[in-house]
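Note that ligands are numbered from 1 as they come in the structure, with each ligand's atoms numbered from 1 the same way. Because the structure is a prediction, the values reported are computed rather than measured.
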Amino acid sequence: MPTSTLIRNSFAAAFRVVLVAVVALALSLVAVPPAQAAGGGPSITKKYFGTLSGGKKIDIYTLRNSNGMRVKILTYGGILQSIEVPDSRGRLADVALGFDKLSDYVKQSPYFGCITGRYANRIAKGRFTLDGKTYQLATNDGPNHLHGGNKGFDKRVWQAEPFRRHNSVGLALTYTSPNGEEHYPGTLRAKVVYTLTDDNQIRMDYRATTSRPTVVNLTNHTYFNLRGEGNGRILGHEMRINASHYTPVDKTLIPTGKIARLGGTPLDFREPTAIGDRINSKNQQIVRGGGYDHNYVLDSRGHGLDLAAKVVEPESGRVLEVITDQPGLQFYSGNFLDGTLRGTSGHLYPKRSGFALESQHFPDSPNHKNFPSTVLRPGDVYRTTTIYAFSTM
Ligand code: GLA
């Protein structure tokens with residue numbers, strides 16, 4: 001082949017490569033955002049996730065609604081492992097902190113995404129008296145009991161029952177906690193139903209019954225980052241909480257028993273305010289929490305489903321609303337995250353790279369007569385609902 005033809009041919013080949021690259025780039029720019037590309041009705045699928053050291057197999061369920069929003073739930077701890085929601089341009093990101101390996105959840109999870117129980121948050125010195133009898137629970141958080149003890153509901157294997165309806169898809173999880181487990185009285189039959197609706201809501205319906213008088217306080221402990229997990233801190237998120245009171249805490253984060261006004265304090269979020277604006281304030285309560293780690297007394301006071309909090313992330317345009325029938329909401333700004341945990345994205349989670357909004361009864365209620373009661377008696381049914389509603393600005 002003459003040299004000139006050779007040069008022409010390699011020129012043409014190079015040109016073709018560039019052309020293909022340009023076309024591919026153009027196509028990727030105009031591609032339909034995944035949130036809309038998906039189509040089809042809601043669906044749910046199950047896959048193997050891992051095996052616990054005792055041999056129990058753990059599944060991961062993927063729920064998908066008609067908009068392409070996707071939620072993954074583990075049978076271990078009832079954990080919301082991933083929540084993929086669109087931003088204002090339709091691009092999906094996982095907004096829940098989590099791990100992609102079961103062993104990470106077992107070894108080192110700071111309660112990512114789990115069902116917390118039997119008693120979410122703290123009980124002072126792990127002790128309470130009910131009907132004249134004193135119960136001593138594990139002290140697994142300094143001098144106090146936290147999130148159900150050494151092996152709470154976050155570390156139990158739940159039975160799963162998937163279901164599909166016209167505009168939603170869901171997973172019913174059940175767990176029977178035997179009498180005396182973690183030193184709580186009564187056999188507690190717990191059921192948590194997660195439903196993903198076509199309007200991008202995750203609805204959580206909790207139910208429990210007991211064989212003996214006991215105390216119960218269940219919640220979900222998802223850490224959110226509306227920028228996407230592993231994508232920086234949450235300090236720019238704008239928070240609104242519909243509460244004019246809260247329960248101040250002592251140095252060990254146990255409520256003092258007071259129901260105090262939020263007005264005039266840096267804990268007041270009745271007006272939308274960036275989480276980071278006042279988080280380093282010298283306010284004694286903020287110093288004790290190492291940031292926000294407080295129970296807000298919701299203005300709705302637990303009378304029916306109501307908007308408790310609204311969080312807006314200005315860059316992505318993602319919005320989260322927490323709707324609940326519970327009297328309290330723990331706002332925790334991820335102060336104990338320390339940059340050592342590597343999440344689903346492969347990125348490390350620095351301090352305050354996720355926040356939790358835990359709908360609940362007030363911490364340490366069994367030791368405070370002025371707080372709404374958390375006692376459950378045989379024949380009664382504990383029932384509560386919380387919704388995480390996603391949208392965009
Ligand atoms: C709750 C508590 C926090 C912390 C986290 C888990 O939000 O209030 O103090 O224990 O759970 O790390």
Determine whether Phe331 and Asp293 make a side-chain contact, defined as any pair of heavy atoms from C-beta on separated by less than 4.5 Å.
no

Counting non-hydrogen protein atoms only, what is the nearest one to atom 8 (O) of ligand 1? Give residue, atom name and distance.
Asp293 OD1, 2.6 Å

Would you call the rings of Tyr246 and Tyr296 parallel, tilted or perpendicular, where under 30° means parallel and over 60° means perpendicular?
tilted

Honestly, for Leu146 the part within reach of ligand 1 (heavy atoms, under 4.0 Å) is side chain

Top protein contact for atom 7 (O) of ligand 1, by heavy-atom distance
Glu358 OE2, 2.8 Å

For Tyr223, the ligand 1 atoms whose distance to one of its heavy atoms is below 4.0 Å:
6 (C), 12 (O)

Looking at Phe269, is Arg278 sitting on its ring face, NZ or CZ under 6.0 Å from the six-membered ring centre and within 45 degrees of the normal?
yes

Give yes if a backbone or side-chain nitrogen or oxygen of Asn121 is under 3.5 Å from a nitrogen or oxygen of ligand 1, and no if not.
yes

Check ligand 1 against Tyr111 and write out every atom of the ligand that is under 4.0 Å from a heavy-atom position of the residue.
6 (C)

Would you check if the side chain of Tyr388 reaches a backbone N or O of Met204 as a donor-acceptor pair within less than 3.5 Å?
no

Check whether the ring centres of Tyr292 and Phe355 lie less than 6.0 Å apart, and answer yes or no.
no

Determine, stepwise, if the pair Tyr184 / His145 fulfils ring-ring contact (aromatic ring centres under 6.0 Å, His included).
CA-CA 12 Å; Tyr184 285 97; His145 178 83; 5.5 Å; yes

Just need the protein heavy atom nearest to atom 5 (C) of ligand 1, so name the residue and atom and give the distance.
His221 NE2, 3.5 Å

